[in-house]
Amino acid sequence: MERRIQLKSNFFQLQTLPEYFVYHYKVTIEPQVPPAKNRRIYEVWEEDSIEILNGILPIYDGRGSLYSVVDLPFQGQECTFTITYFEMDEFPQYRYLMQQGNPVASEFTMTLERLDMVDMSLLTGYLHGEIQEMPKQPMHVLDTLLRHNASLSYKTVGRCFYTPETSVSLTDGAVLWTGFHQSLHACRGRLLLNLDVSATPFYQPGSLLQIVEKILGFTIKQNTQLTEKEIAKLEKQLVGCKLVLVHRGAIQRKYRIHSFTLTNGQSTLFPRNEDSKLISVADYFAANYAPLQFPGLPCVVVGNPQRPGYMPIEVCDLLPGQRHLKRLSERQTSEMIKFTTQQPQVRKSKIDAGLDVIQDAQDPYMQTFGVGLEREMLVIPAKVLPSPVLSYHPASKEPEISPWQGTWNLKDKMVTQGVTLASWAIVVFASPKDYNLKVVQDFVRMLVETTEECGIFVPAKNPPVVYQDPRSDVEQTFQQGYMKAGNTFNQRPQLLFCILPSTNIQVYSEIKRVSDTVIGVVSQCIQGKNVLHPKRQYCANVALKMNAKLGGMNGYLSNQELALIYEKPTLVIGADLVHTNNVYIAALVCNMDAQCARYSASLRHQSTGLEILDLKEMMMDQLRKFYQQTKEKPQSIIFYRNNCPDNERDLVFRKELEMLHQACAEIEQSYHPSITFILVQQRHHAKFFPTRQQDCDKFGNVFPGTVIDSDITKQHALEFYLCSHPGLQGTSRPTHYQVMHDDNKLSLDKIENLTYRLCFLYCKATRSVSIVPPLYYAYLICQRARFHLQGDSLQGVHPILEQGMYFI
């Protein structure tokens, strides 16, 4: 039976709300600049207008709206102000340089235009259920109010505020800034502020020379010269970054890195003026400033590519506050995860402390608008669902098990339906010196023994072993392994088992492209370290993957556990969309049995810029496959849609539901299955903290099966948060599910239980997972499809693999 508990959540209630009208002004700043600079210009205007404002405290959103409790004292419909903006205000750390010359100033105009006043009482009406549609303007007023002070004091990125005060260095010249995410939510009868810790990488500010040393991993000496490969590495990391020159006194302007020269400072030439001869950068600096200390280094190319400027690395400083938007290296990602992983109580303490940093209890703007904020986290009711009973082969010593805290193991269990592996080969992407034949054969022997203990029959116990250099042609290597397996066992190979010496993504991606789209054979990759030090538990996990890929069934839930699926033919669908390099890939994954153990997938490459899945053809394809497998048309469809953008949620839902109906009608005009459409979101900042020791695991996280479906859910929505997985590290992240449409007329309890139980059926794990498996598989197949891209075109999956779960 489910248990009722109480949790703390990182939401803080707004205690009082304004009921009056608020003055609204349109703000236009010319010339146009980004919001961050808008705010700095606004600050200058506010300081210059102290006498005009006379104690009035307006709030500004950094874009086009300003709000005030009192009408601003200017005549007419609009008023324009001229603002003198000094660059030194933007870079206080370079003030000493700017004082050596005339401060550089820019002029901006800021125009305020009166708009219609905002009725704040509409928000109270919405929260009390008197208005059905949320009033956006009053919400924007409060959101601007809650963000106003922090936006002026901290680096703003989306809904997050960051500060370098507690930054941590990463490798390759990056630093991790910490901060807080803040968002305002209209929930059941109240407004809540969601506050969470956040972190994002920035470039290390200061000396470009020092950053170059960190990226390259060695100390620059006076005679150091860089290779083309090293210069390419610098360009990959630094192109697009902003810098200033520190060798000539007053800073005149900022520059953006366009590239680096392949020649050094002594060999990089430019015309001294239009009529003179060419001069090297090193000679120019020696004549006009001082000799270069590192003339062997390349120069930074800045400015217009048609008329570039060449700057020595040693006279450049990277400006502070620049986000690191390039893809992080594996090492940087690992470091970032290490630094940001926080146990629940540590995270909770930081959030509590962050409230005082971001939302000062004595904030004069909050007091002016008459808004109060609760200083303690919201305490909310929750429930913990019981674990389902998992079933394995009836001949197992332990054919049924109820997992404890979301985990179990394969001891004394055999898979429900094991395949027969009769033809396969081992492909080692290394030399026999690295992994000698005996070591590989010993691993294969343990793998075969463990696989057969799991109920998978392997008559081909001695597969041929092929060695190949990882830099060689993968397609040719696979053809060789494929032919050896076929000739050895006199039948079409089922599997090519690949041993890789490292996590080289280029080799791995090519293996998957060739196996999935060219040869049409299942591939299984493992790292070589697991061959050198084999373990039975690891081999058992690999066996689960192999069985699922080859068409077997690992475990299942009985008809009592999945009554909703068993009582009538039901299609459980996971849909996802990813984009990479301006290519959008859509995936649809559907169950092919009542046990929700076997799935089939459809892939599409669709137009860029569209967050709406092109569902119709994929859905028709899956309906036909389901009928071929079961000889029945699904009467019920449960559709899980992953990570839909909030601002496009309603549009995506309407369009995709329409396409589902169209696909069914295309199959048969009178075919109208019941559809339940559920949006799934993992990109949110809701966190939950147990209030009692008995309600948390050993790390302090909530138990798997914890559900929250009240208090912090939206006013008129059918939604819930589910933490379905055990917390492995840090604070568990629940998944948010919102039921947008429900022809099946399911209660929220039934949807919650079904969703939680499905999370135990992820075929390659012996633990429950954080999202329903069809969505997990849709994500995996989208990631796999990246390897199938050839330019902008997507190679089709080989027909032999189309029906199976090759993507596991």
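Each residue takes its place number in the sequence, starting with 1.
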Looking at residues at least two apart in the chain, or sitting in another chain, which of them share a side-chain contact (heavy atoms from CB on, under 4.5 Å) with [X]?
X: S509; result: F787
X: R683; result: N643, Q681
X: L328; result: P201, H324, Q332, T333, M336

Which atom names give the shortest non-hydrogen contact between [X] and [Y], and what distance separates them?
X: P673; Y: P634; value: CB-O, 3.5 Å
X: C596; Y: I565; value: SG-CG2, 4.0 Å
X: G486; Y: P493; value: N-CG, 3.7 Å
X: F489; Y: N462; value: CZ-O, 3.9 Å
X: N547; Y: M553; value: ND2-N, 3.5 Å
X: Y482; Y: L496; value: N-CD2, 4.0 Å

Original post:
Can we say R604 and E617 salt-bridge, meaning some charged N sits less than 4.0 Å from an Asp/Glu carboxylate O?
Top reply: no
Quick check on [X]: does its [atom1] atom have over 12 non-hydrogen neighbours (other residues, nucleotides or ligands) under 6.0 Å away?
X: Y467; atom1: OH; value: yes
X: Q476; atom1: CD; value: no
X: R536; atom1: CZ; value: yes
X: F339; atom1: CZ; value: yes
X: E228; atom1: CD; value: no
X: Q682; atom1: CD; value: yes
X: E330; atom1: CD; value: no

Subject >> ring pair (Phe, Tyr, Trp, His ring centres under 6.0 Å), paired with Y599, selected from Y762, Y777, Y776 >> reply: Y777
Any non-hydrogen side-chain atom of [X] less than 4.5 Å from a side-chain atom of [Y]?
X: P773; Y: L758; value: yes
X: P726; Y: S768; value: yes
X: L238; Y: F260; value: yes

Original post:
With sequence neighbours left out, which residue pairs that include part of residues 418-427 fulfil the side-chain hydrogen bond (donor to acceptor under 3.5 Å, both in side chains) condition?
Top reply: none
Original post:
Restricting to pairs with a member in residues 399-412, which pass side-chain hydrogen bond (donor to acceptor under 3.5 Å, both in side chains), not counting sequence neighbours?
Top reply: Y392-W408
May I ask you to decide if [Y]'s main-chain N or O and [X]'s side chain share a donor-acceptor pair within less than 3.5 Å?
X: E452; Y: V458; answer: yes
X: K326; Y: V239; answer: yes
X: S396; Y: M414; answer: yes

**OP:** For K438, check side-chain hydrogen bond (donor to acceptor under 3.5 Å, both in side chains) against everything at least two apart and list the hits.
**Re:** D442
**OP:** Name all residues meeting the side-chain hydrogen bond (donor to acceptor under 3.5 Å, both in side chains) criterion together with E453; count only those two or more places apart in sequence or in a different chain, and write none if there are none.
**Re:** none
About how many Å separate [atom2] of [Y] and [atom1] of [X], when rounded to the nearest 0.5 Å?
X: K655; Y: E611; atom1: NZ; atom2: CD; value: 15.0 Å
X: T171; Y: E335; atom1: OG1; atom2: CD; value: 4.0 Å
X: I612; Y: R641; atom1: CD1; atom2: CZ; value: 9.0 Å
X: K616; Y: M659; atom1: NZ; atom2: CE; value: 10.0 Å

Original post:
What residues, two or more places apart in sequence or in another chain, satisfy ring pair (Phe, Tyr, Trp, His ring centres under 6.0 Å) together with F429?
Top reply: none
**OP:** Could I get the full list of ring pair (Phe, Tyr, Trp, His ring centres under 6.0 Å) partners for H798, not counting sequence neighbours?
**Re:** none
Under 3.5 Å, sequence neighbours excluded: what are the donor-acceptor pairs made by side chains of residues 618-626?
{"unit_1": "D621", "atom_1": "OD2", "unit_2": "S602", "atom_2": "OG", "d": "2.7"}
{"unit_1": "Q622", "atom_1": "NE2", "unit_2": "S602", "atom_2": "OG", "d": "2.6"}
{"unit_1": "K625", "atom_1": "NZ", "unit_2": "S600", "atom_2": "OG", "d": "3.2"}
{"unit_1": "K625", "atom_1": "NZ", "unit_2": "A601", "atom_2": "O", "d": "3.4"}

In residues 517-531, what donor-acceptor pairs under 3.5 Å come from side-chain atoms, sequence neighbours left out?
{"unit_1": "T517", "atom_1": "OG1", "unit_2": "R513", "atom_2": "O", "d": "2.6"}
{"unit_1": "S523", "atom_1": "OG", "unit_2": "K512", "atom_2": "NZ", "d": "2.9"}
{"unit_1": "S523", "atom_1": "OG", "unit_2": "S515", "atom_2": "OG", "d": "3.1"}
{"unit_1": "Q524", "atom_1": "OE1", "unit_2": "K549", "atom_2": "NZ", "d": "3.0"}
{"unit_1": "N530", "atom_1": "ND2", "unit_2": "Y538", "atom_2": "OH", "d": "3.2"}

Original post:
If you look only at pairs with a residue in residues 554-575, which of them pass as a salt bridge (charged side-chain N to carboxylate O under 4.0 Å, His left out), with sequence neighbours excluded?
Top reply: E561-R757
Subject >> Pair E632-T630, side-chain donor/acceptor within less than 3.5 Å >> reply: no
